[in-house]
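Letters go in sequence order (proteins before strands), and every chain restarts at 1. Quick caveat: nothing in here was measured; it's all calculated off a predicted structure.
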Number of protein chains: 8
Amino acid sequence: MTDFVLDWEREKRTGVAEAVLCEGKSVAQVDAILGEAGERRLLLTRLDESKHAGLAAAVRAKLDFDPLSRTAFHGAPKAPALEGAGIVCAGTSDLPVAREAARSLAFAGFAAPVIADVGVAGLWRLMKRLDEIRTFKVVIAVAGMEGALFSVIAGLVEAPVIAVPTSVGYGVAQGGHVALHSALATCATGVVAVNIDNGYGGACAAIRILKRGA
Amino acid sequence: MTDFVLDWEREKRTGVAEAVLCEGKSVAQVDAILGEAGERRLLLTRLDESKHAGLAAAVRAKLDFDPLSRTAFHGAPKAPALEGAGIVCAGTSDLPVAREAARSLAFAGFAAPVIADVGVAGLWRLMKRLDEIRTFKVVIAVAGMEGALFSVIAGLVEAPVIAVPTSVGYGVAQGGHVALHSALATCATGVVAVNIDNGYGGACAAIRILKRGA
Amino acid sequence: MTDFVLDWEREKRTGVAEAVLCEGKSVAQVDAILGEAGERRLLLTRLDESKHAGLAAAVRAKLDFDPLSRTAFHGAPKAPALEGAGIVCAGTSDLPVAREAARSLAFAGFAAPVIADVGVAGLWRLMKRLDEIRTFKVVIAVAGMEGALFSVIAGLVEAPVIAVPTSVGYGVAQGGHVALHSALATCATGVVAVNIDNGYGGACAAIRILKRGA
Amino acid sequence: MTDFVLDWEREKRTGVAEAVLCEGKSVAQVDAILGEAGERRLLLTRLDESKHAGLAAAVRAKLDFDPLSRTAFHGAPKAPALEGAGIVCAGTSDLPVAREAARSLAFAGFAAPVIADVGVAGLWRLMKRLDEIRTFKVVIAVAGMEGALFSVIAGLVEAPVIAVPTSVGYGVAQGGHVALHSALATCATGVVAVNIDNGYGGACAAIRILKRGA
Amino acid sequence: MTDFVLDWEREKRTGVAEAVLCEGKSVAQVDAILGEAGERRLLLTRLDESKHAGLAAAVRAKLDFDPLSRTAFHGAPKAPALEGAGIVCAGTSDLPVAREAARSLAFAGFAAPVIADVGVAGLWRLMKRLDEIRTFKVVIAVAGMEGALFSVIAGLVEAPVIAVPTSVGYGVAQGGHVALHSALATCATGVVAVNIDNGYGGACAAIRILKRGA
Amino acid sequence: MTDFVLDWEREKRTGVAEAVLCEGKSVAQVDAILGEAGERRLLLTRLDESKHAGLAAAVRAKLDFDPLSRTAFHGAPKAPALEGAGIVCAGTSDLPVAREAARSLAFAGFAAPVIADVGVAGLWRLMKRLDEIRTFKVVIAVAGMEGALFSVIAGLVEAPVIAVPTSVGYGVAQGGHVALHSALATCATGVVAVNIDNGYGGACAAIRILKRGA
Amino acid sequence: MTDFVLDWEREKRTGVAEAVLCEGKSVAQVDAILGEAGERRLLLTRLDESKHAGLAAAVRAKLDFDPLSRTAFHGAPKAPALEGAGIVCAGTSDLPVAREAARSLAFAGFAAPVIADVGVAGLWRLMKRLDEIRTFKVVIAVAGMEGALFSVIAGLVEAPVIAVPTSVGYGVAQGGHVALHSALATCATGVVAVNIDNGYGGACAAIRILKRGA
Amino acid sequence: MTDFVLDWEREKRTGVAEAVLCEGKSVAQVDAILGEAGERRLLLTRLDESKHAGLAAAVRAKLDFDPLSRTAFHGAPKAPALEGAGIVCAGTSDLPVAREAARSLAFAGFAAPVIADVGVAGLWRLMKRLDEIRTFKVVIAVAGMEGALFSVIAGLVEAPVIAVPTSVGYGVAQGGHVALHSALATCATGVVAVNIDNGYGGACAAIRILKRGA
């Protein structure tokens, strides 16, 4: 039985290229997929350090790997990097997810600054960066715990706000469901949500928005 | 079998007087309780209009009934009304719960202004009232939906913030659990929560704080 | 105490004008809000037939009310209607939510065709309309039950897909959580979600996307 | 106290032979069960590599062990292998479960091809294999994440579709509940579900269908 | 916008004909669907008595309506009725769901006896009917509360057991989730489940099994 | 601050002696508690092998430790062992919990045979032991997965049935909630439940029943 | 098809006689069951006032109906009433459930006093009745909300405590799950639980205990 | 991108100084934060032993670290320690959380005695300490399992009771949700709750109460 069928026409069909979710795949499977890819470009997500270390040396040599975001580029990012997206991040612990979004955007040819640690407990931190945030055409907001950031930002800017809830938190917040539900139940308009910890998904939605709106 | 045992010593023991939760009790039971009370003061909560209308006329004549908050005073509020508590309310639909808190405080001898419709979707509404809110010794914050108000207020004031989540909302917010969880998972400090729609409980906590802190 | 504070600057700040969620508000409160509005434009959502019937006659005379979607226009829709958004709907029972989205877009000056009953149980129905769907700059997909439509569409088009899960279904699907979770857990890219039955929210996100992308 | 009572008459009674779920049993217990079995045939499921390694050498020598599916054959598969069942698998990460189904069928005397990586994000992959899938008398569909595959397949084939949801996924999909619920809430007909990750259970249901239908 | 698209080719494609779930559809929509159907056969499910009473008289005259199961036949059942399926029902309160299954089978041309009130609290009731149950090629088992019947039957017969959990029960059993989960977590083999209260779905699965196995 | 206060009067007050739940306590705390106990009898529960190994040698020397049930006796079991209780166990994997119950009973002076592996998938195994089970004055039934055993037994015997659900199972059964809910939602009478995996709690309830009933 | 099969041997087999849960059964079905019963004794539970009023006059004439507990006796209670059970009830709103337990015991020949309104918010109310409670051989404790009563009583008496959680409460307590979980998670020993609002089930367990212990 | 923005004005604004939640932050990030802090005071929470051991030696030298509560002081506690708060703790296993509260209070300049192991299973332990507990101006109550302690204490004292539910427990109590829900659903007044295991949050609320009430 063949284990995988790569969807090389996906970018043409949907505007976003095929990527490989490495979580749940064995080292051998990732090696095989990259072998099949040859010189073609591929983004790898959720590739943790130990799995990366286990890949064949020849494969590893061709990857631009970032351990914090657990992403790897197989092939170079598209150039030149286009502007329009921005990432706003509630706390330091949310950075791996924010960076997964930033790297996914970068590989697809979009530059996206990350504005970190602007959670609402100290609202001045957000206000200080508001003018910059208002310049984005699409905002990716990354937050865990109670996710109040989503509503507050959406009430202050014109861009659509893609909420990426994170699993940062404990007790009732464990696993990220409170942040997700806050994004969905928001009293503000213009907030849409992707799955918990899905920085890649937030990036893909931003890419579709930016590509189709151009 | 005797159906009820009133706890007349409760105020001496805990600082908060006995009250009667009318939900789940029959009209006959409420009539009997008020008969037993005689001239003694009692607060009635969750007394809806139809149950109130069903009470014996003599009983009804002795009640100061407020249909919005579903509360009734049996006996006069304590006087003079003491200051220190304030109620902040996210939306118009949260007012029944906010008013239950206000009436419970009033009956116990505490005046508490209600600052309504200051939800975070339009942050300027909250900011405009911030100086006033900062004067309170204890803030009761009432909000449904995603409950972002709790975190935002707690990051801006010195008083303890008693979050009263409400069941206002639909979809994932149905029943008030998102607002409750936002209060508990807050990134700010100084937020404590009571049960969903429990304006009376928020008031009781405020009373204990104000009485013991004096 | 004042019950409401309208946010007339919201459109300037966020691109989407203030609207009034009528669910949870009394007839008297809706009357008062529309009195305060005067000649200003306002969208009313979740205004069911009986509440509409209870409004003051003078108020009702000024409303363009649609019972299926439970929406009312206070003031005329913006003109001319701009193109770019399209609504795709899985089943007949999802139409009230789809129409809430369509009416919210229309009031804000955006035309959006509704393509109904293209659920995946008969995939040919969707395929037959695919060329038309591919012309949209943003797709609002409305589905209840298992919500498989979200993933299937997102795999076939370039536009961002705003999933509006509905509460259509019973048993495990009761309340719309399965459709919502399918949107969030999708194996496709470019799907973002709003709250269950939130056609208005789906429309607002589309408006932000279309306005900022222009 | 005796720890186990093997049900050797199960095949005669139900058409499916006794099997041993090794998860939750100690190495000593598995050794004892195989000792008791003697020359009789037994299927072992959820036997992970470390537990297999811990078994007595004599026991291990008699087992045909497959680490990916965590299954072992004690005794030879029935022959000749009968046709009629087919396994369709959404993604590479679902293969361990698909293979548990295939091995369980094989041991009972049924051949079942596995058609892998035909998830709906790239619908053409499924369409390409549709003619083959339509030849099956019973389809075992294996999918995690949002499980849209179950509905799409059931709308295209005549065979009953046994959905085996998998725990592949994260965030709201964690643990496989979204895929399970999608199978149950499907808008298509002819889908039935077994427990999450229960490839063995899917195979047993297929065996009963094929045996009784013959 | 057209509200519905009937899938007349469904029977050819999947072996089970198009049916109309009336729950969530307005009287006007059901009238329109039956108008479109003309002389073609259609099964209607979840048509409650008041909705049936509201249909146009001409439409109603053409329906064979059964209030207990909330089903209606538009056109005659297929004949002659084929044997092979049997329905086993735990308690009297489960009968509406059992009858929905029986009527759905009957319309499609399959006779299915209903064996009622054989719940496991009095195991002799089931044992007394066991010989008859063992003659079925496929068993549809209908049970609410704790759903122990599913496992007990599956341990005693050779046929596949389609579990239809019902919402009969209160407290933890409210809504049918315990019965559903018991079917999925069963220690027996050969049990598959459909959604709660989905007698129609159980019948459709049985039809696919009987048609493909013939 | 003192870490613990032993309740030496508990047996006199409630009929069941103080015991120490070791899970969540450090080795140092367990050592200290046993030091404080001196020559007094104490039952230790949830003492896993590594924590037992970490205890002071002098303490360990005084313990009768059983790793399967994770229990230890500090002091001798009461004698002579009284009869009346019996333990019935669905599967081999439930034995650690069954044995926790048996050891807890033994320490308190009650003999309780364990009848293992009589799950309902092979009903004959239970029927074969039924005469013996009917002699018990109180039955402790231990089962995971779907917990059908609780209802079946309760329909066949006169004794009260204390259901001890276990966390044996996966998918929807993970953590034991399905078995617990089956015990609570049972269609049979005379079933009462304790917490998941709480063999000790099942034993304590049996002790109270046997002591008060004598 | 026959709708019901009464289990007249149940009392001989289990010590507790057959009873009829009227919830979910139609008036016609209850009439038919009582017709079948003839002169035999039967307890009816969850028979609400409107269903009782709908029964055939001849049937109604033979029933001793109690609307608060929704129970009816068909035939006389057993005499003389045996002692040993006692019912302790947290609040006035829990009385319907407490009375269902008391009536179920009475019909089976057991007298059980109800001690009402002894919730832990005013602990003195419980302490005042403690000597009486300590005389019971089995305590049925009925409580909603947080269910703290179960643990407190079990720490003070020797009898087994059958916790009957009620659905009294709102917010997180809605439906009775908090009270149920408190009973299961208790830090005290000797507490066992039945389903929420299941006063009848609590009584049946008490009957088995008292009959077998005698 | 800068990873963090410390909020040095937080104490002036809210009365509670900035603190660092170390869970979810890397050793490098904690090192960097403390580098940025320089001589300024900071409380560190959820700093487990291995992360503490990984910090730069120079950083570690400046910390007063307590492994049980996983807290560290960077800078000296405020002096003199003010009185008014007291901590009451149900069981030995709850001590890490209780101590997190005590250390957080101490760093902010408040002395708070911890009264341990006064769970309600042995009510005399609580009663023995009641006079002391009644002297507190605010009580922090720490309990896991069923959390009955919250209601019992609140019924006996005048001070507000801040419930800190802990994740101590198993089965239904796993993760602390039962204790949390008991605090929220309490039948007593004056109980407010913070997140599960959030001793730090309980302390912050107490600080706000004591500071504003003075």
Inset, instruction - Output the option from H:A188, H:G155, H:A173, H:S182 having the highest count of non-hydrogen pairs under 4.5 Å with chain G. - result: H:S182
Legend entry - Interface residue of largest heavy-atom contact number with chain G, from H:G169, H:G119, H:A121, under 4.5 Å: H:A121
Inset, instruction - First locate atom CG of G:L156, then atom CH2 of H:W124, and finally report the distance between them rounded to the nearest 0.5 Å. - result: 13.0 Å
Legend entry - Distance, nearest 0.5 Å, that separates NE2 of H:H177 from NE2 of G:H177: 15.0 Å
Inset, instruction - Give me the one residue out of H:V152, H:L149, H:L123, H:V120 that meets side chain to side chain contact (heavy atoms under 4.5 Å, CB included) with G:S151. - result: H:V120
Legend entry - Side chains of G:E146 and H:V191 in contact at under 4.5 Å (non-hydrogen atoms): no
Legend entry - Close side-chain approach of G:V178 and H:V178, heavy atoms under 4.5 Å: no
Inset, instruction - For H:E23, look at atom CD and say whether over 12 heavy atoms of other residues, nucleotides or ligands are found less than 6.0 Å away. - result: yes
Inset, instruction - Locate the shortest heavy-atom distance separating H:M145 from G:A185; write the atom from each residue and the value. - result: CB-O, 3.4 Å
Inset, instruction - Step through the shown structure and confirm whether more than 12 heavy atoms of other residues, nucleotides or ligands are within 6.0 Å of CD on H:E83. - result: no
